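Here the structure comes first, spelled out in structure tokens, and everything after it is commentary.
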Amino acid sequence: MYTEKVMEEFTNPKNVGELADADGFGEVGSPSCGDTMKLYLKVEDDRIVDVRFRTFGCAAAIASSSMATTMIRGMTLAEAWDLSNADVVAALGGLPPAKIHCSVLAEAAIRTAINDYRARRGLSPWKPCSSCSCGGDGCGPHCENG
Amino acid sequence: MYTEKVMEEFTNPKNVGELADADGFGEVGSPSCGDTMKLYLKVEDDRIVDVRFRTFGCAAAIASSSMATTMIRGMTLAEAWDLSNADVVAALGGLPPAKIHCSVLAEAAIRTAINDYRARRGLSPWKPCSSCSCGGDGCGPHCENG
Amino acid sequence: MNDQAERPVYMDHAATTFIKPEVIAAMAPYFSQYFGNPSSLYRFAGEPRKGVDAAREQVAAALGATPAEVFFCAGGSEADNWAIKGVALANHKRGDHIVTTAIEHHAVLHTCEWLEKHGFSVTYLPVDTFGRVDPGDVEEAITGRTVLISVMTANNEIGTIQPVARIGRIAHDHDVLFHTDAVQAIGAVPIDVESMNIDLLSLSGHKFYGPKGTGALYVRRGTRLENLVHGGGQERGRRAGTENVPGIVGMGKAIELATADIEGHNRRLAAMRDRLIREVLSTIPDSRLNGHPTERLANNANFSFRYVEGESILLMLDARGICASTGSACSSASLEPSHVLLATGLAHEEAHGSLRLTLGDANTEDDVGYVLEVLPEVIGRLRQISPLTPPAGKRVPEAE
Amino acid sequence: MNDQAERPVYMDHAATTFIKPEVIAAMAPYFSQYFGNPSSLYRFAGEPRKGVDAAREQVAAALGATPAEVFFCAGGSEADNWAIKGVALANHKRGDHIVTTAIEHHAVLHTCEWLEKHGFSVTYLPVDTFGRVDPGDVEEAITGRTVLISVMTANNEIGTIQPVARIGRIAHDHDVLFHTDAVQAIGAVPIDVESMNIDLLSLSGHKFYGPKGTGALYVRRGTRLENLVHGGGQERGRRAGTENVPGIVGMGKAIELATADIEGHNRRLAAMRDRLIREVLSTIPDSRLNGHPTERLANNANFSFRYVEGESILLMLDARGICASTGSACSSASLEPSHVLLATGLAHEEAHGSLRLTLGDANTEDDVGYVLEVLPEVIGRLRQISPLTPPAGKRVPEAE
Ligand SMILES: Cc1ncc(COP(=O)(O)O)c(C=O)c1O
Ligand SMILES: Cc1ncc(COP(=O)(O)O)c(C=O)c1O
């Protein structure tokens, strides 16, 4: 059902934990819906220098959390914002169709944490393309409408 | 499906044929219904001294014909009239429920041939119990209502 | 009885076939080693799941379909019920009329009769003396309310092959779904659901050297179809019930083998069939061939012998170690003559005297020779017993 | 992964069982030697027919029924569909109401939902926190239009055994037919259809060490029931389709073995189950037992672990070579938490963290020991990952 890569990330997830001095924090999902994720970011010079997560959910949710956090470590916030769940799924070698939604959790947590970081700095939040009129050509950091 | 006895009677039926000088003849059934039997009786002193049949039908019909004709050989006409299909079935060691009706063919042919014999002698026909009001306690030759 | 009785000459492959050793070998590990439930999440369920997936590909390949269009079930009867009820109930807002033929298997006919009790109307098309449906009749029968046409690929009793591709074309021209019962046709008639415009197709594993209790329904992508068996999410939510993994694997293997060389297989069986037909008709008077002279299954020979009755023929042959059939196996306990033979115009008494010999992979020319030796004797013997046989002058010569 | 991965500790016998060697041995000759169609007339069909007859007697004996009341089909799902649709459709002039419970298998629930779409009304009775139905509720739910009560003998997820005999009594007092899905109960709960007033009962071979794709429906003599699969005259005209002879023979053998010593079997499994329950609850904080403390299947242990999710538990166990389940096998691909756990009053998050361990004949105390070693580690590990786990002070001690 799951790829070997998924099972590897799931059984040995990276970046599990909390950051007491996080610069950005995101919490998404609700346990009654099945998936919950908390994400902690440490940011230096607009770049993610440390990241931790905790996830309640199925193997796909945990593996996506591990993979996504590994991928954004070292990225600029703009790069991290652009990381889509499809990128995470690809890095995992695919997910069963019924489990794709689990990878959205990590994408959402990252964006929530980035906007938390921006809010703490007094910056206006970036918006996902779907909530503006850029037509999906680029939004958030790159978006004229942002 | 069939007992060994049925298969024995079927594969080696006794009394197959015709009697050119029959004293009684009965023909029952119709080929379009599946079963047909012709029965020839030779009678001496009210006793069946020879009997032959031809049957078109399934194995049960042929076996019943063979068994019934073997049983009535040597019987008085009254005894032969009383031979029921149940007696034939019992002698065959049983028949599948769906095939019981086949044994009725022989019973019917015997009675038809006996009444043909009686008609040729100017005697009134015997009736099966079901067609009189004796209540089934005994009919035909023994029946007060006969 | 005779020597042959122990290991009979089996000529009833339309009733059921033996399982090929390769099929048994393919199934074997799934009984004990890979016994897991394919729906389970752990790795131990991987082998059973892979087995089912591979079988789905094998079935799809045999039909020119995609694996996503193949749904496993428990046999040809279930597949027929599912296809016909499923289409009828799912489309009843669009229409309530079904077109089928008078010579379908009971799994189709009785299902149609059930639908008639539930508000549908059904046209049972006639067939010609060879058992062929006229595609023109199919076209004429279609009304604005027609939701389904169901015509079998090949008949189980007389072996007649129907002009399925032409009927499929007509169905699609009129935007009506087309189902075909291909239970007898797999391995004998090349199937391509695309070019033949087939929307639903039933098959049954034990008719092509696979296991009993296995079947499949091909359902063209996008076809509206209600479930017959509701429950768990197996078969992508369309047929509930824990998968019969060994059975499915066996059926997959069997259909692969059965369709690997249809032409060669047909050539071999048709040679034996044609010898049977030729010699029976020439040595046994008052005999006739039922079904189509050329458009017939390569393994099927169906005769009528006047003056004698089918079950008697069958049991006399059985006593000589030959397994054959009269009418279809499942109705052989009934007293009605075959509805198929009657539909081809046979009188009751001719229909009663029918014999079906269906050849299979293990039959040899020796088997054919033995049947050709025994059958005339049997018919002769029964004609001696029968009151319908014409008198001596016109009488059939006694078989030596 | 670990050593155990190759030959896992299998504790998912409610999903499916291995086949006992005696069962495989019983089936073997019917694949090749006795491959004939039991409906055929020749002697070669005698052995298959006898095999089916003997299996029918074995099933009847296990249920306290007569062979004439046993009908073979292809599994528990088909049996459930047949029983419920069959009774509903055959009795719809007398009524249109069905009483069942919220915790039935999907084969029952989805069938009832289908009937609701076709004009029937269905009462889904609640259960208590242990998953028990109150017979008083059953009685109250009966109306003048009720034609059927369907309550499972034992639940597949939490193992709770229902007061079936009392419900049967109530059904009969009110002249309503009573069906029970005994798929999980065979070999674990002694069944006597007479004293328990059961009119229809479903069973499935692969749940008691028999073959997959086999099942049976017990139908009390005289019960009005429509066919689900129409066609040939098999199963005395009530279930069409060439009989799956090897499967039927195997199921007969399996039920004979499974019911030979129910008490001894239960004693052995219950000892292991009780050890599992005792030690899991005492070593893993924030864990609870789902289902009834005593009225439960001897092989079933079902837990909820707070803060963690079922699929994760299951796959971590799988990585350590343990096969288990969360919710029912067939719905494990779905994202909904188990309808059974929700019906017992669990919150969504508790229902999500459930684990079902179901023991079987091959499990040993060593297996139990291994699970008791691995499970606390797995739960501990997942709780480390989970954001719901309470902070360190209140934290679960790390499993060593
Ligand atoms: C209680 C119950 N009923 C019905 C079924 C369906 O049985 P099968 O999968 O054999 O069709 C199952 C098995 O999953 C079950 O546990
Ligand atoms: C043409 C046809 N359709 C359907 C069936 C039913 O198949 P099964 O008996 O495997 O359910 C048969 C077999 O008897 C058949 O010959």
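Note: hydrogens, waters and symmetry copies are ignored here, and every other heavy atom, side chains too, is used. Model, not experiment: these values are computed from the prediction.
Taking OH of D:Tyr209 as the reference point, atom CZ of C:Phe35 lies at 9.0 Å (rounded to 0.5 Å). The OG atom of D:Ser325 sits 8.0 Å away from atom CG of C:Leu41, with the distance rounded to the nearest 0.5 Å.
Within the 4.5 Å cutoff, the side chain of C:Asp12 has heavy atoms near those of the D:Tyr42 side chain. Counting heavy atoms from C-beta outward, C:Ile19 and D:Tyr30 have side chains that stay 4.5 Å or more apart. You'll find the side chain of C:Leu89 reaches within 4.5 Å of the side chain of D:Trp114, heavy atoms only. At a threshold of 4.5 Å between non-hydrogen side-chain atoms, the residues D:His118 and C:His118 do not count as touching. Considering only heavy atoms from C-beta on, C:Lys212 stays 4.5 Å or farther from D:Phe31 through its side chain.
For the residue pair C:Ala15 and D:Asn37, the shortest heavy atom distance occurs at O-ND2, 3.2 Å.
For the side-chain contact (heavy atoms from CB on, under 4.5 Å) criterion with C:His230, the lone passing option out of D:Asp80, D:Asn81, D:Val108, D:Leu109 is D:Asn81.
The interface of residues 237-245 of chain C with chain D, defined by heavy-atom distances below 4.5 Å, comprises C:Arg239, C:Ala240, C:Gly241, C:Thr242, C:Glu243, C:Asn244, C:Val245.
For chain D, no part of C:Lys20 is nearby; none of its heavy atoms comes within less than 4.5 Å.
Taking C:Gly215, C:Ser77, C:Gly247 one by one and counting their heavy-atom pairs under 4.5 Å with chain D, the maximum is reached by C:Ser77.
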